[in-house]
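For reference, the structure is listed below as structure tokens.
Predicted model only: the values in this text are computed from it and were never measured. Order of the sequence lines sets the chain letters (A, B, ...), proteins ahead of strands, with each chain counted from 1.
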Amino acid sequence: MAVIKLENVYFGYEKDKDVLSDINYEFDEGKIYAIVGRSGAGKTTLLSLLSGLASPTRGNIYFQDEDISKVNKYDYRSKMVGVVFQNFNLINNLTAAENIALSMDIAGSKEPSTAKKEKAYRLLESVNIPREESDRRVLKLSGGQQQRVAIARALSHDPQVILADEPTGNLDEQTQEEILQILKRLAEDGKCVIVVTHSPEVAKRADEIYRL
Amino acid sequence: MYIFKNAFRNTVRNRGRTILTGIIILVIAFSSCVALSIRQAAQTAKEEALEGLSITAQISLDRSAMMKQGQDNSNSSDSSDSKKDFAKMMNESSLSVEDMQKYAKADSVSDFYYTLTTSVNAVKIEAVQSSYSVNNMQSSSSSGSDSEKSSKASSDTSSAQTSTGNAPAPPQGDMQGGGGPMMGTQGDFTIIGYSADNAMTAFTEGTSKITDGQVFSQNSSEAECIISEELAEYNSLSVGDSIVISNPNDEDETYTLKITGIYSNSQSGVQQGGNMGFSTSSDPANQILMSYTALKAITDKSESVATTSTNDMGIEQSSALRANTEGTYVFEDAESYEKFEQQARALGLSEDYTVSSRDLSAYEQSLTPLETLSKIAGYFLIVILVIGAIILIVLNIFSVRERKYEIGVLMAMGMKKGKVALQFISEIMIVTLMAAIIGGAAGAASSVPVTNALLQNQITASQEASENMEQNFGRPMGDMPDMSSQSSEDAQANDSSANDKSASDSGSESQAQQPPQMQKTNYISEINEAVNLKVVAQLLGICVLLAAAGSAVAVTAIMRYEPLQILSSRD
């Protein structure tokens, strides 16, 4: 069963000028999907639709067969999907661990703060951020480390779907490889990983490719 | 909960923004605390002074209305007739004791007493001359510098004084009371007859005290009296001696008074107000006190043996002792006083009379600098709040713009707009409360010295203005009509009472040493405490309002933001 399904989706920032038209995609659990296309083709827009930051002008998006237009957008973003933004979009004055704990708080976690912090450390360790780095403000981390923190944050509320926008952009080859390994492992763990990318290397690692 | 934790964390970590906002709120809180304290101090001083104030009032003839009525009549008659009519009207308009007692039945009145005052000369004894009166008399006569001579001179001069124009002090009621216009000869002594012990306010207040013998019996018509220590010493009189007084209009008409007591007056010297001139009879040392009943018997007898004559203006004059009756109504509080006039009118008091209270006037006068300061503090507070609010709003506009990206990220992560707004409000409130506590504490600590310093400036300014006026006039400024409304005993007692009630008075210089017109107002010049729970609550309210004004900007912006737009514009 598809975790996310797009049915005749249209979207345009201006009236009568669609960026996306008649999109019909299905995304299953346990797979990595790559969405590729030229610049301006609407890749990031598609990811915005999937993450609930934007709504289609026509058509429907279903999450586990439920039309997400009928779901509270904030709940959808905080609980159902995990998003790794192109620019990481971390809160700069918080530490790596605090960024993740905050994400859990927003998702409505009732765990005590010590338990949340411990979980944050574990998640960061799972993306190769050691504890001593976890308590540093994210601004002081490298680009690769920030990307890993962003991935860890996307996983903080254990969503079924991970959406990643250019997750390897601006990263060196070794870090790129590490990030791809993490995404692969997530897919192996049963998550649906949707990656928007320019990179043919990343696309090659995907189970399915959608071209815009 | 995480919202408040996050807000606190942001407040601590964004030190620059927090310190800047904090300093602004601290300054506002400090200034507001001082301004509120001044206002509160003024209010407290006002209430405390009013609470302890024994308010008395007199019913006085509305002379301006009577004059107007007289002028209207003069249009239809010649000048001399109108003067006669006016004099007659004034005499007929005087309130009798029975009338005064009728108005004393008003619910608002807690006590009522009355006095009868007259001016006499004496046989074989001489009036005490105070330094002021001696100087005054010397300047107005060509007598030598020898005190005995000056005393005689004053006696001669005063004997020649007639009070057809500016009335000498006793009897004072000629200006407002029930005695009508004084048109007779002024004596060297003032005799005051009291209706009851509590009418002797100088004794009840403690400014006068019997040092030998005892006070005359109130209900006795025996001609008993008490005299001042100064008068007794000056004339070697003691308890049990008799003095002979004479009618200044007819020196052959004499009465003998027996001295039952001698009293000391802590406010010795001249204490009369309202007279442009001065006579020895104004000196409290030359006041002879007796019961109303006894004095009334003397004035009645004088009336019965009096002869009448017509003066140059064609006005009939009696040789009888000029007596003036004045009633004093006592009230529990200012509210009762406020009700009195209406109640007296209901009991038949004509519109030709006014009700006034010298206590309240003195009380209002004493508060003038503090109230002026309170008004200035009020305007200052408004300016501070407006400027403070504008600065905070601008600061928050910049802050929200600067943190737009953070707001977008929080929303993209699924944080609802309301919660983002709550976090921003919490951050502002945290800074506001911390700054308000520090600023408020500093304001509370410095409010008393700051208020006192400012108050002193106000008093100095008031005194300088008063001195300038005096220089412009070439003499001290007097407040003629009000000052003459009370007997000297009442004036002394009320002034001392007002002094006691004030938080603290600047009038260290004894009023008793000053000539009539130079009496200074006893301004409240010091406050001891300014900050109370009300001020704290007001300060907190102000700070919360300021924070709310600042927050409103943040909330409005947050509610308009859309995460996709924010994050797209960053990309």
Side-chain angles (χ1 to χ4, degrees), chain A residues 11 13 39 43-45 47-49 51-55 71-95 98-113 116 137-139 150 153-154 156-157 159 163 165-166 169 196, chain B residues 1-21 398-428 430-431 554-555 558-571:
Chain A
F11 184 84
Y13 292 102
S39 291
K43 302 186 291 295
T44 301
T45 301
L47 205 71
S48 295
L49 291 172
S51 64
L53 285 170
S55 301
V71 176
N72 183 302
K73 286 283 185 304
Y74 293 101
D75 285 344
Y76 177 74
R77 288 205 290 269
S78 63
K79 291 173 185 167
M80 296 175 186
V81 293
V83 186
V84 182
F85 296 98
Q86 190 172 7
N87 288 327
F88 323 133
N89 289 349
L90 299 168
I91 307 288
N92 291 335
N93 63 3
L94 299 183
T95 65
E98 284 168 349
N99 263 283
I100 290 157
L102 176 63
S103 178
M104 289 184 218
D105 284 327
I106 292 171
S109 167
K110 302 287 179 206
E111 289 177 82
S113 59
K116 273 187 279 205
R137 291 206 197 177
V138 290
L139 264 186
R153 185 181 67 182
S156 65
H157 49 278
L163 305 167
D165 191 359
E166 300 285 5
V196 165
Chain B
M1 184 63 193
Y2 78 91
I3 293 167
F4 301 111
K5 201 172 84 180
N6 216 30
F8 184 74
R9 194 161 48 197
N10 278 338
T11 307
V12 173
R13 290 191 184 167
N14 294 304
R15 284 197 195 95
R17 191 173 58 223
T18 302
I19 289 170
L20 183 62
T21 312
F398 283 109
S399 175
V400 169
R401 287 174 72 88
E402 183 195 321
R403 297 175 67 185
K404 193 175 176 181
Y405 165 69
E406 181 187 334
I407 295 166
V409 171
L410 288 171
M411 287 182 190
M413 286 165 69
M415 194 166 175
K416 289 175 180 152
K417 285 183 178 180
K419 287 184 176 174
V420 178
L422 185 60
Q423 182 184 312
F424 273 69
I425 293 169
S426 305
E427 286 178 27
I428 295 167
I430 289 168
V431 180
V555 171
I558 290 165
M559 290 303 177
R560 287 174 53 207
Y561 286 160
E562 286 302 329
L564 184 61
Q565 286 170 349
I566 296 170
L567 300 180
S568 304
S569 61
R570 187 178 167 86
D571 293 339

Between B:L567 and B:A412, what is the shortest heavy-atom contact and its length?
-> CD1-CB, 3.6 Å
Check whether more than 12 heavy atoms from other residues, nucleotides or ligands sit under 6.0 Å from atom CZ of B:R401, and answer yes or no.
-> no
Give a yes or no on this: more than 12 heavy atoms of other residues, nucleotides or ligands lie within 6.0 Å of atom CZ of B:F4.
-> no
Leading residue by heavy atom contact count with chain A [cutoff under 4.5 Å; candidates B:K5, B:E562, B:K417, B:M1] | B:K417
Name the option with the most non-hydrogen atom pairs under 4.5 Å to chain A; the candidates are B:R13, B:E406, B:M415.
-> B:R13
Considering only heavy atoms and a distance below 4.5 Å, find which of A:L94, A:V83, A:D75 pairs most often with chain B.
-> A:L94
So which of A:Y74, A:F85, A:Y76 has the largest heavy-atom pair count under 4.5 angstrom toward chain B?
-> A:Y74
Checking heavy atoms, do the side chain of B:K419, its backbone, both or neither come under 4.5 Å from chain A?
-> neither
State plainly whether the residues A:E98 and A:R153 are in salt-bridge range, i.e. N to O under 4.0 Å.
-> no
Rounded to the nearest 0.5 Å, how far does CD1 of B:I558 lie from NZ of B:K416?
-> 16.0 Å
